[in-house]
Amino acid sequence: MTPLPTSSATEPESARAPGTPEAPEARGEVSGAIRSRLLDGGGARLPRPAEIARCSPYGEDLQLALHLCYELHYRGFAGVPDTLEWDPGLLGVRALLEHRFESALRHDCSPLPDVGEALDALLVEPADGTGVPDFLMSRGESWHLREYAALRSVHQLREADPHLWVVPRLLGRAKAAMVAVEYDEYGCGRPERMHSRLYADLMAALDLDPSYGRYTDAAGAELLAASNLMSLFGLHRRLRGALVGHFAVLETTSPPAASRIAAATRRTGAGAAAGRYFDEHVEADAVHEQVVRRDVVGGLLDAEPALAPEVAFGITATCLLEDRLAAHVVDAWSRSASALRTPLSPATAPHMR
């Protein structure tokens with residue numbers, strides 16, 4: 001049998017994309033072994049199945065390990081050969097990590113609701129107003145806004161990218177509607193209006209470093225899990241229904257949340273550039289919600305009705321992880337503590353002093 005090709009650590013620097021982030025620091029034996037494998041160009045040992053089995057499915061070590069594997073499909077890491085994206089050993093380890101993560105999600109999301117009921121529930125806002133947007137709007141300070149922006153930057157700087165993986169897996173009405181919504185996400189052809197660019201502008205206005213991947217080390221497992229979910233769903237054709245469910249959650253819940261955070265930017269004097277990202281989502285996603293429900297979800301289920309439980313799973317899993325993240329952030333802030341693993345340095349921009 002012809003041996004599988006091994007990855008080369010001598011890939012030319014010119015082959016790597018600009019703005020490639022540094023690999024984040026390890027958080028345990030599994031993420032440490034994967035990080036070493038990446039930085040060694042594929043020569044270091046891989047984590048053993050028994051080591052992965054000891055990891056908490058929502059914990060720091062496993063979630064960072066997944067992030068390290070998934071980022072190879074986005075911009076990669078500085079000093080890591082692009083050829084490792086399809087390294088057979090890393091893909092095998094990623095499959096074990098994904099199995100542990102997905103199994104926990106399916107257990108915790110059971111029993112699944114009806115798709116229509118799950119979509120209707122997204123339109124009902126909690127009466128207690130205890131979420132992150134409510135906190136920011138009612139009593140958030142400048143440092144809360146900066147922490148929120150830094151946390152979310154882990155995936156907002158590639159905001160729509162994971163959802164694009166579902167496009168070739170959709171048919172007819174669902175495909176056309178998905179592309180129409182994503183066209184808005186990418187600024188309707190204008191790079192300065194891309195939502196990821198608007199988010200970078202938001203970060204700069206809050207005196208944060210808008211470099212891709214800059215705050216991954218500061219983000220805890222709760223944020224990494226919510227971010228990894230998008231890649232888990234996006235990279236597997238069998239999970240196309242779940243990715244559509246995830247997309248429905250984001251487009252449905254975005255307008256009210258964005259409206260509250262936009263109000264927080266004005267109340268704290270963060271400036272017009274900081275609020276522009278959220279104002280854009282108030283307007284655009286209010287239209288998207290109807291298109292997603294009627295044409296993306298509806299079109300998918302008309303073509304493949306057997307995927308209804310997977311759409312419901314995508315909705316439920318997304319809400320589960322977003323609720324865990326929100327609980328972590330609000331609990332920390334309510335104690336006047338940082339929601340980050342490493343607190344941010346003080347702002348230096350004039351309006352943030």
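The shortest distance between side-chain heavy atoms of Met194 and Leu198 does not fall below 4.5 Å. Residues Glu141 and Thr268 have side chains not in contact (no heavy-atom distance under 4.5 Å, counting atoms from C-beta outward). Side-chain contact between Glu185 and Glu251 is present, with heavy atoms from C-beta onward closer than 4.5 Å. Counting heavy atoms from C-beta outward, Leu72 and Leu90 have side chains that approach closer than 4.5 Å. Using a 4.5 Å cut-off on side-chain heavy atoms (C-beta onward), Pro21 and Phe77 make contact. Here the side chains of His163 and His246 are in contact, with some heavy-atom distance below 4.5 Å. Using a 4.5 Å heavy-atom threshold, the side chains of Thr265 and Leu206 count as separate.
In terms of hydrophobic clustering, with Ile, Leu, Val, Met, Phe, Trp and Tyr side chains grouped at heavy-atom distances under 4.5 Å, Tyr148 and Tyr212 are assigned to a common cluster. The cluster map of Ile, Leu, Val, Met, Phe, Trp and Tyr, joined by side-chain heavy atoms under 4.5 Å apart, puts Met137 and Leu202 in different clusters. Residue Leu164 is not grouped with residue Tyr183 when hydrophobic side chains (ILVMFWY) are merged at heavy-atom distances under 4.5 angstrom, including chains of intermediate members. No continuous path of hydrophobic side-chain contacts links Val166 to Leu171 [ILVMFWY only; heavy atoms under 4.5 Å]. Under a hydrophobic clustering in which Ile, Leu, Val, Met, Phe, Trp and Tyr are joined whenever their side-chain heavy atoms come within less than 4.5 Å, directly or via other members, Val249 and Ile261 fall into the same cluster.
One finds the CD atom of Glu102 at 9.5 Å from the CG atom of Leu229 (value rounded to the nearest 0.5 Å). Between atom OG of residue Ser56 and atom CZ of residue Arg100 there is a gap of 7.0 Å, rounded to the nearest 0.5 Å. Rounded to the nearest 0.5 Å, atoms SG (Cys55) and CG (Leu96) are 11.0 Å apart. From Thr216, atom OG1 reaches atom CG of Leu64 across 8.5 Å, with rounding to the nearest 0.5 Å. Expressed to the nearest 0.5 Å, how far CZ of Arg48 lies from CD of Glu29 amounts to 9.0 Å. Rounding to the nearest 0.5 angstrom, the gap separating the CD atom in Glu182 from the SG atom in Cys188 is 11.5 Å.
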Begin from the C-alpha positions of Asp331 and Arg335 and carry the test side-chain contact (heavy atoms from CB on, under 4.5 Å) through to its verdict.
CA-CA 7 Å; Asp331 174 68; Arg335 295 183 284 105; 3.1 Å; yes

Apply side-chain contact (heavy atoms from CB on, under 4.5 Å) to Asp87 and Arg37, showing your working.
CA-CA 10 Å; Asp87 177 78; Arg37 176 84 165 197; 3.4 Å; yes

Intermediate values then yes/no, side-chain contact (heavy atoms from CB on, under 4.5 Å), Met230 and Tyr70:
CA-CA 10 Å; Met230 304 164 73; Tyr70 286 148; over 6 Å; no

Take Arg193 and Arg276 through the test side-chain contact (heavy atoms from CB on, under 4.5 Å) and record every step on the way to the result.
CA-CA 10 Å; Arg193 299 300 303 171; Arg276 191 173 298 121; 3.9 Å; yes

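For Tyr74 against Ser231, the heavy-atom pair with the smallest separation is OH-OG, 2.8 Å. In this structure, Leu97 and Cys69 approach most closely via the heavy-atom pair CD1-SG, 4.3 Å. Counting all heavy atoms, side chain and backbone alike, Ala174 lies closest to Val296 at CB-O, 3.6 Å. The two residues Leu243 and Gly234 have their closest heavy-atom pair at CD2-CA, 3.7 Å. Between Thr130 and Asp134 the shortest heavy-atom distance is N-OD2, 4.3 Å. Across all their heavy atoms, Pro210 and Ala200 have their closest contact at CB-O, 3.6 Å.
The residues Arg240 and Glu304 are annotated as salt-bridged, a charged nitrogen and a carboxylate oxygen being separated by less than 4.0 angstrom. Looking at Arg214 and Glu22, no side-chain N of the basic residue comes within less than 4.0 Å of a carboxylate O on the acidic one, giving no salt bridge. Look at Arg75 and Glu71 and you find no salt bridge, because none of the NZ, NE, NH1 or NH2 atoms lies under 4.0 Å from a carboxylate O.
Checked by atom type and distance alone, the side chain of Gln63 never pairs as donor or acceptor with a backbone atom of Ala221 at under 3.5 Å. For the pair Asp295 (side chain) and Ala177 (backbone), a donor-acceptor distance under 3.5 Å is absent. Remark: side-chain polar atoms of His328 are paired, donor with acceptor, to backbone N or O of Ala339 under 3.5 angstrom.
Aromatic rings of Phe247 and Trp165 (six-membered ring for Trp) have centroids beyond the 6.0 Å cut-off, not under it. In this structure, the ring of Tyr277 has its center less than 6.0 angstrom from the ring center of His281.
Judged purely by distance below 3.5 Å, without hydrogens or angles, the side chains of Glu147 and Ser338 pair a donor atom with an acceptor atom.
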Under 3.5 Å, which donor-acceptor pairs do the side chains of residues 113-124 form with other protein atoms, sequence neighbours left out?
residue : atom : partner : partner atom : Å
Asp114  : OD2  : Gly116  : N            : 2.9
Asp114  : OD2  : Glu117  : N            : 3.2
Asp120  : OD1  : Arg293  : NH1          : 2.9
Asp120  : OD1  : Arg293  : NH2          : 2.7

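Evaluation of the side-chain hydrogen bond (donor to acceptor under 3.5 Å, both in side chains) test over residues 314-327, restricted to residues two or more places apart or in two chains, returns Arg152-Glu322. The ring-ring contact (aromatic ring centres under 6.0 Å, His included) contacts involving residues 26-61 comprise nothing, where partners must be two or more places apart or lie in separate chains. Residue pairs meeting the ring-ring contact (aromatic ring centres under 6.0 Å, His included) criterion with at least one member in residues 214-237, sequence neighbours excluded, are Phe233-Phe313.
Aromatic ring orientation, Phe135 versus Trp333: tilted (interplanar angle from 30° to 60°).
Under the salt bridge (Lys or Arg N to Asp or Glu O under 4.0 Å) criterion, Glu222 pairs with no residue at all, not counting sequence neighbours. Every residue two or more places apart in sequence or in another chain that forms a side-chain contact (heavy atoms from CB on, under 4.5 Å) with Val179 is listed here: Val167.
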